[in-house]
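Structure first, then comments.
Chain A is the first sequence line, chain B the second, and so forth, proteins listed ahead of strands; every chain is numbered from 1. The figures here come from the full heavy-atom set of this structure, side chains too, leaving out hydrogens, waters and symmetry mates. Source: prediction; values computed, not measured.
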2 protein chains.
Amino acid sequence: MVDKPAPRRVTIIDVARHAQVSTTAVSKVLRNAYGASPAMRAKVQQAIAELGYRPSAAARGLRGQTYTIGVMIPELRNLFFADILDGITAQLAGTDYQVLIAPGCNGEKAEARVIDAMIDRSMDGLVLIAPVSAKTRLIEVARRVPTVVVGRHGSSPAYDSVADDDVAGAALVVDHLADLGHRRIAHIEHHETDRVRLAEMPNARRADGYREAMRRRGLAGFIDIASTSYTHDGGYRGAKELLSRAPRPTAIFAGADVVALGALEAIAEAGLSVPGDISVAGYDNSALASFGPISLTSVDQDGRQMGADAARLLVDRIADRDRRPVQVQLSPTLAVRRTTAAVSLE
Amino acid sequence: MVDKPAPRRVTIIDVARHAQVSTTAVSKVLRNAYGASPAMRAKVQQAIAELGYRPSAAARGLRGQTYTIGVMIPELRNLFFADILDGITAQLAGTDYQVLIAPGCNGEKAEARVIDAMIDRSMDGLVLIAPVSAKTRLIEVARRVPTVVVGRHGSSPAYDSVADDDVAGAALVVDHLADLGHRRIAHIEHHETDRVRLAEMPNARRADGYREAMRRRGLAGFIDIASTSYTHDGGYRGAKELLSRAPRPTAIFAGADVVALGALEAIAEAGLSVPGDISVAGYDNSALASFGPISLTSVDQDGRQMGADAARLLVDRIADRDRRPVQVQLSPTLAVRRTTAAVSLE
DNA sequence: CTGAAAGCGCTAACAA
DNA sequence: TTGTTAGCGCTTTCAG
């Protein structure tokens with residue numbers, strides 16, 4: 001294995017020379033731009049293949065596009081986000097765009113840093129999944145670079161958005177449990193104080209939907225909420241809190257699957273059985289929920305579809321930055337499994 | 001909300017003008033480079049802050065670095081990879097490097113495309129997690145850009161590597177089960193045919209380690225392998241196959257946690273209990289394994305540590321591309337939980 | 001349809 | 001220590 005140094009980069013100039021045309025011509029072929037005859041196109045493409053030429057995204061970005069789409073994911077371990085990402089990459093497969101993910105942005109500050117990093121890298125478009133930033137900030141970002149916001153409600157003049165109807169999702173759960181005879185249906189929510197986020201974030205919408213559905217079913221008096229966080233531990237603590245109340249709930253609607261798992265642990269620890277003593281439902285219908293031994297009833301949001309819609313809207317907007325913003329709202333469904341059952345007679 | 005257009009980008013020239021210095025001076029401050037007095041440094045930093053200047057990574061990349069580290073992750077849903085990533089980002093926090101993840105590279109072809117995309121984008125360094133590409137290809141890549149390979153054995157003159165001792169991990173499981181009195185210990189492996197990968201990929205090393213440990217414990221006659229894949233379904237099919245043999249195994253060592261989960265489903269379907277009738281152990285000690293109701297005995301690889309080591313090596317190599325390559329090998333430990341127990345009397 | 005030339009924002013080599 | 005200048009590799013006018 002000889003340690004020969006990497007040869008000099010093949011540039012557009014090399015290709016032009018090899019194909020006996022101008023660099024402009026090569027550039028046009030690269031971008032499928034108007035104004036290149038089929039003959040020239042063929043010549044150039046052959047030269048590209050023969051030299052193994054690959055355009056430098058950095059250089060392209062300095063004048064035109066980088067053909068890079070940045071996706072901000074707040075939490076890699078959330079399997080629902082992986083579904084969204086699958087939808088994005090599937091929709092973008094076959095185009096010239098490459099998806100890059102920016103990780104680890106928990107909290108407004110880290111999120112700001114990550115978004116800046118993507119803008120600094122001249123990305124052509126941004127998909128922000130469940131961003132927590134202030135709305136003014138999102139608008140500012142969207143004005144600099146085409147942006148689609150996924151999983152956050154509320155419209156904006158600057159960006160497109162894709163969201164699932166979280167109010168409807170919560171209603172699905174409450175109706176399902178109420179139909180099974182439950183009345184003391186409790187909810188574990190992700191604590192929220194910020195005014196705008198109370199109106200736009202999915203967690204807040206789910207809590208709203210829960211309250212609304214309870215009232216609609218005449219169960220306003222049984223509304224019972226533990227306010228923790230959308231984590232395994234949050235579910236554990238929330239369930240502990242709810243179980244300590246008398247009378248304790250006969251069903252718990254957790255705002256996310258991981259929360260439901262935490263709740264299941266607390267319930268098991270308390271020596272209660274699911275769904276015998278208490279029913280549990282989650283949200284997201286992640287792979288965890290469908291896993292046999294868990295078999296969690298959960299609200300299904302079509303993450304792939306959401307991702308595909310987001311990517312489609314983004315590519316659209318890159319092509320026409322001035323078109324009017326669009327809001328896509330999908331409807332959730334309920335995957336009923338073995339953690340929910342008719343209320344037991346007491 | 002007035003729809004004012006985004007103002008022109010603030011460039012290094014604006015900063016230089018504002019601070020009354022040359023662009024070189026600004027550049028030096030940006031890079032913490034030698035040759036700028038504290039006074040000038042202060043002036044420039046103030047100007048940067050006042051103008052809200054952010055350097056363009058594309059422009060920087062054309063001459064120098066992009067301050068971007070690319071991480072290739074074959075499968076976002078693998079929680080072990082998320083641990084590695086946490087280690088990488090933690091190690092890189094506080095530096096000027098930004099981590100970007102390239103997703104969805106299952107298979108050699110997709111992997112090649114993704115690696116090319118990262119090179120095209122002038123990334124300063126690459127972390128390749130469990131790459132399946134041919135070794136010659138990896139060496140070629142490493143010659144173009146500083147590269148660290150994680151989770152693949154075998155050394156190279158071109159890249160650093162970080163791996164867990166998979167042979168030792170498999171031995172931990174076999175020893176644990178043998179100590180519990182098991183003799184018919186079966187294994188579910190990820191099918192592999194390629195010669196080099198048979199020597200370098202973790203799955204192959206685990207199968208080797210299993211065979212070796214069985215022989216060492218005098219259980220060579222009980223070696224029993226189902227060859228499927230490292231997926232939930234692979235575990236399900238593998239366990240079904242193993243259970244159909246007579247006499248059936250009293251313990252199954254699955255090559256990964258997801259495989260173990262699939263096996264658990266097959267075992268439950270067969271009407272057998274764990275660990276009463278059969279013990280099950282996994283590999284990776286992912287969040288799934290420690291989740292209460294599952295409580296899977298599993299081999300723990302310190303993913304965070306692996307990621308941190310990889311990042312450290314990469315930054316080192318970016319600073320000195322000619323230093324000799326290093327191989328880091330970590331030792332796994334065994335997390336014993338409730339899916340393994342003493343063999344039952346028959 | 002084709003090509004020459006300017007310049008995107010920055011860094012590196014060099015000069016002062 | 002500081003500033004001047006020449007590109008990095010590409011896209012984009014704008015002539016031909």
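- A:Arg317 places no side-chain N or O within donor-acceptor distance of the main-chain N or O of A:Val145, the cut-off being under 3.5 Å.
- Using a cut-off of 4.0 Å between Lys/Arg side-chain N and Asp/Glu carboxylate O, A:Arg113 and A:Asp116 are scored as not salt-bridged.
- Only at 4.0 angstrom or more do the heavy atoms of residues 36-49 of chain A sit from any atom of DNA chain D, so none qualifies.
- Exactly one of B:Gln327, B:Arg323, B:Arg324 qualifies for a side chain to side chain donor-acceptor pair (under 3.5 Å) with B:Asp160. That residue is B:Arg323.
- When the options B:Leu79, B:Asp83, B:Asn78 are evaluated for a side chain to side chain contact (heavy atoms under 4.5 Å, CB included) with B:Phe81, the one that passes is B:Asn78.
- At most 12 non-hydrogen atoms from other residues, nucleotides or ligands lie less than 6.0 angstrom from CD of A:Gln20.
- When all heavy atoms are compared, the tightest approach of B:Thr66 to B:Ala57 is CG2-O, 3.9 Å.
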With the criterion being N/O to N/O and under 3.5 Å, what pairs connect the protein with nucleotides 7-11 of chain C, and how long is each?
from, atom 1, to, atom 2, distance (Å)
C:dC8, O4', A:Arg63, NH1, 3.4
C:dG9, N2, B:Ala59, O, 3.3
C:dC10, OP1, B:Tyr53, OH, 2.3
C:dC10, OP1, B:Ser56, N, 3.2
C:dC10, OP2, B:Ile12, N, 2.4
C:dT11, OP1, B:Arg60, NE, 2.8
C:dT11, OP1, B:Arg60, NH2, 3.3
C:dT11, OP2, B:Ser27, OG, 2.7
C:dT11, O2, B:Arg63, NE, 3.3

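- Note: CG (A:Asp124) to P (D:dT11) measures 12 Å, nearest angstrom.
- Between the side chain of B:Asp14 and the main chain of B:Thr11, a donor-acceptor pair closer than 3.5 Å is present.
- Between B:Asp120 and A:Arg60, none of the side-chain N atoms (NZ, or NE/NH1/NH2) sits under 4.0 Å from a carboxylate O, so this pair counts as no salt bridge.
- The interatomic distance linking A:Gln20 (CD) with C:dT2 (P) rounds to 14 Å, in whole Å.
- The distance from atom CG of A:Asp14 to atom C1' of D:dG9 is 11 Å, rounded to the nearest whole Å.
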